[in-house]
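First comes the structure, then the notes that go with it.
Residue numbers count from 1 along this sequence. Both counts, for ligands and for their atoms, begin at 1 and track the order of listing.
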Amino acid sequence: MAQKKINLPESDIPESWYNIVADMPNKPLPPLHPGTHEPIGPEMLAPLFPMELIKQEVTSDTWVPIPDEVREVYKIWRPTPMFRAYGLEKLLDTPAKIYYKYEGVSPAGSHKPNTAVPQAYYNKQAGVKRITTETGAGQWGSALSFACQLFGIECEVYMVRASYDGKPYRKIMMNTWGATVYPSPSERTAAGRQILSQNPHSPGSLGIAISEAVELAMQDDDTKYALGSVLNHVLMHQTVIGLEAIKQLELAGDFPDIVVAPFGGGSNFAGIAFPFLRHNLTEGKQVRCIAAEPASCPKLTRGVFRYDLGDTIGMTPLLPMYTLGHNFIPAPIHAGGLRYHGAGAIVSQLLKDGLIEAQAFKQLECFEAGIQFARSEGIIPAPEATHAIATVIREAKQAKEEGKAKTILFNLCGHGHFDMGAYEQYLSGKLVEHEVTAEEIRESLAELNTPEIA
Ligand SMILES: *Cc1c(COP(=O)(O)O)cnc(C)c1O
């Protein structure tokens with residue numbers, strides 16, 4: 001057996017983030033004002049984000065330097081390890097070579113700190129005192145709490161009610177890093193009160209929690225807002241994953257045929273895939289990049305490409321995205337991080353142009369894959385990550401049927417240590433299958449009155 005774990009020295013932490021917009025044949029369409037439907041300028045985002053992040057949101061530079069202070073913090077857990085999945089390969093008896101990049105070694109246990117740290121840093125530079133945000137499963141809230149604590153910023157997290165009740169230790173983790181956490185919808189905002197007046201028992205959604213966090217940031221000059229996915233600058237910060245992965249595969253003497261990642265709003269997918277897509281776009285390589293989404297929230301495979309709001313109430317600009325409609329409330333499946341109605345503008349444009357692929361998976365197949373992975377590789381994956389593993393297993397089985405060797409890389413975006421309740425349900429046979437119906441999607445999309453994209 002050749003080397004299993006492929007490590008890089010600290011000096012190989014990337015010095016710049018990769019901005020795929022520079023290399024895209026069709027650039028992402030601009031965000032629009034929700035009232036006038038005119039393209040918005042940077043000034044409309046200024047109440048929400050510090051100017052450096054707004055600049056990154058619209059930059060056409062290919063490379064954006066990573067500040068030294070951010071690289072210093074990255075050293076706590078980066079470069080992250082890459083593994084060759086010999087155990088899984090053996091279990092599947094596949095000729096495919098399987099590699100994974102493991103982002104679960106970060107303090108918060110997922111890829112999210114890769115963007116939380118630079119976001120907190122640029123807010124600190126701009127003199128911001130407090131950041132509000134939303135969190136679904138709790139991964140983003142934990143990552144931002146950690147980052148805010150390091151830079152001395154207050155952090156206020158609106159946590160989707162269903163997760164707040166179901167994952168109490170994620171909340172305690174945020175409290176440990178000094179953040180304040182409220183269940184969403186809450187009575188603290190007009191948005192929350194509006195939802196609660198319609199449904200006092202609302203389980204909440206990411207869209208509602210975003211409305212609450214944005215509302216508070218708009219009201220206070222010292223307070224800004226941070227988003228953990230979807231936006232261009234967030235996707236760009238995550239490219240440290242793929243940039244390191246390219247070097248690690250070089251050390252192994254390999255290059256992937258297929259790159260896979262789970263898909264919520266697109267950040268960890270972008271993080272691992274964009275640096276490889278760069279080789280497709282600039283050198284004519286043909287890496288297949290596959291986004292794996294849940295069948296209960298299938299915006300990429302069953303949604304429409306059009307302008308939609310990022311939140312439920314309508315506080316955010318209209319973004320061009322694959323969407324199920326901003327009122328869509330996904331079933332409470334265990335992959336909480338994948339329960340978002342839309343996809344980032346960049347990944348949406350890439351999908352529209354056929355430059356990336358998407359596949360949807362039901363949760364039983366995903367948990368089955370997660371268990372196989374835990375038993376053959378040791379690491380217990382986050383439920384989100386099991387979507388990528390299910391994709392990899394399908395591809396590896398196909399490679400076996402075709403008798404073809406191919407090289408597959410996937411992003412193991414987080415560990416599942418806070419998801420034992422979900423594993424317990426699966427292991428005791430109580431986990432239910434779920435797939436959204438065509439009727440539910442039609443109804444949700446019928447409520448959209450935002451501009452179509454030609
Ligand atoms: C947030 C999260 C996701 C989904 O978000 P993306 O922006 O699509 O990456 C997936 N996995 C984990 C572990 C997460 O925390």
Side-chain angles (χ1 to χ4, degrees), residues 80 100-116 119 133-147 157 159-160 163 167 170 173-174 206 209-210 226-242 259-274 289-294 297-300 310 321-322 330 333-348 350-351 356 358 360-361 366 370 379-391 410-419 422:
T80 59
Y100 56 98
K101 181 82 167 145
Y102 185 38
E103 291 294 310
V105 294
S106 81
S110 76
H111 63 286
K112 295 281 193 338
N114 296 332
T115 183
Q119 290 198 49
T133 198
E134 72 290 331
T135 197
Q139 295 271 20
W140 169 240
S142 335
L144 192 67
S145 305
F146 153 70
V157 182
M159 184 170 189
V160 174
S163 307
K167 293 180 121 184
R170 272 282 168 199
M173 195 175 192
M174 294 181 242
L206 272 177
I210 294 173
L227 187 63
S229 184
V230 176
L231 296 178
N232 301 352
H233 66 272
V234 180
L235 272 52
M236 185 182 76
H237 295 157
Q238 293 293 353
T239 58
V240 290
I241 303 172
V259 174
V260 183
F263 194 99
S267 77
N268 91 91
F269 171 78
I272 196 153
F274 286 3
C289 295
I290 308 175
E293 65 178 4
C297 194
K299 59 247 167 189
L300 298 177
M321 52 160 77
Y322 276 90
I333 55 160
H334 292 290
L338 309 185
R339 295 176 70 234
Y340 184 64
H341 67 273
I346 295 176
V347 270
S348 293
L350 291 169
L351 183 66
I356 61 172
F361 293 85
C366 294
I379 298 171
I380 300 179
E384 291 85 357
T386 62
H387 291 69
I389 300 170
T391 316
F410 77 94
N411 197 30
L412 184 53
C413 53
H415 65 63
H417 298 177
F418 288 87
D419 303 279

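By the side chain to side chain donor-acceptor pair (under 3.5 Å) test, Thr135 pairs with no residue at all, sequence neighbours left out. Taking the side chain to side chain contact (heavy atoms under 4.5 Å, CB included) definition, one finds that Ala137 meets it with Lys167, Glu384, sequence neighbours left out.
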Contacts table for ligand 1: protein N or O within a distance under 3.5 Å of ligand N or O, distances only.
from: ligand 1; atom 1: 7 (O); to: Ser229; atom 2: OG; distance (Å): 2.5
from: ligand 1; atom 1: 7 (O); to: Ser267; atom 2: N; distance (Å): 2.9
from: ligand 1; atom 1: 7 (O); to: Ser267; atom 2: OG; distance (Å): 2.7
from: ligand 1; atom 1: 8 (O); to: Gly264; atom 2: N; distance (Å): 2.6
from: ligand 1; atom 1: 8 (O); to: Gly265; atom 2: N; distance (Å): 3.0
from: ligand 1; atom 1: 8 (O); to: Gly266; atom 2: N; distance (Å): 2.9
from: ligand 1; atom 1: 9 (O); to: His111; atom 2: NE2; distance (Å): 3.1
from: ligand 1; atom 1: 9 (O); to: Ser267; atom 2: OG; distance (Å): 3.2
from: ligand 1; atom 1: 9 (O); to: Asn268; atom 2: N; distance (Å): 2.8
from: ligand 1; atom 1: 9 (O); to: Asn268; atom 2: ND2; distance (Å): 2.7
from: ligand 1; atom 1: 15 (O); to: Lys112; atom 2: NZ; distance (Å): 2.6

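Using modelled atom types, one finds no donor on one side chain facing an acceptor on the other under 3.5 Å when comparing Trp140 with Ser229. There is a side-chain donor-acceptor pair under 3.5 Å between Ser142 and Arg170.
Across all their heavy atoms, Phe361 and Ala292 have their closest contact at CE1-CB, 4.0 Å.
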N/O donor to acceptor pairs below 3.5 angstrom from side-chain atoms of residues 108-115, sequence neighbours left out:
from: Ser110; atom 1: OG; to: Lys112; atom 2: N; distance (Å): 3.1
from: Ser110; atom 1: OG; to: Gln139; atom 2: OE1; distance (Å): 3.4
from: His111; atom 1: NE2; to: Ser267; atom 2: OG; distance (Å): 3.4
from: Asn114; atom 1: OD1; to: Arg78; atom 2: NH1; distance (Å): 2.8
from: Asn114; atom 1: ND2; to: Glu103; atom 2: OE1; distance (Å): 3.1
from: Asn114; atom 1: ND2; to: His111; atom 2: O; distance (Å): 3.2
from: Asn114; atom 1: ND2; to: Gln238; atom 2: OE1; distance (Å): 2.8
from: Thr115; atom 1: OG1; to: Gln119; atom 2: NE2; distance (Å): 3.0
from: Thr115; atom 1: OG1; to: His237; atom 2: ND1; distance (Å): 2.8

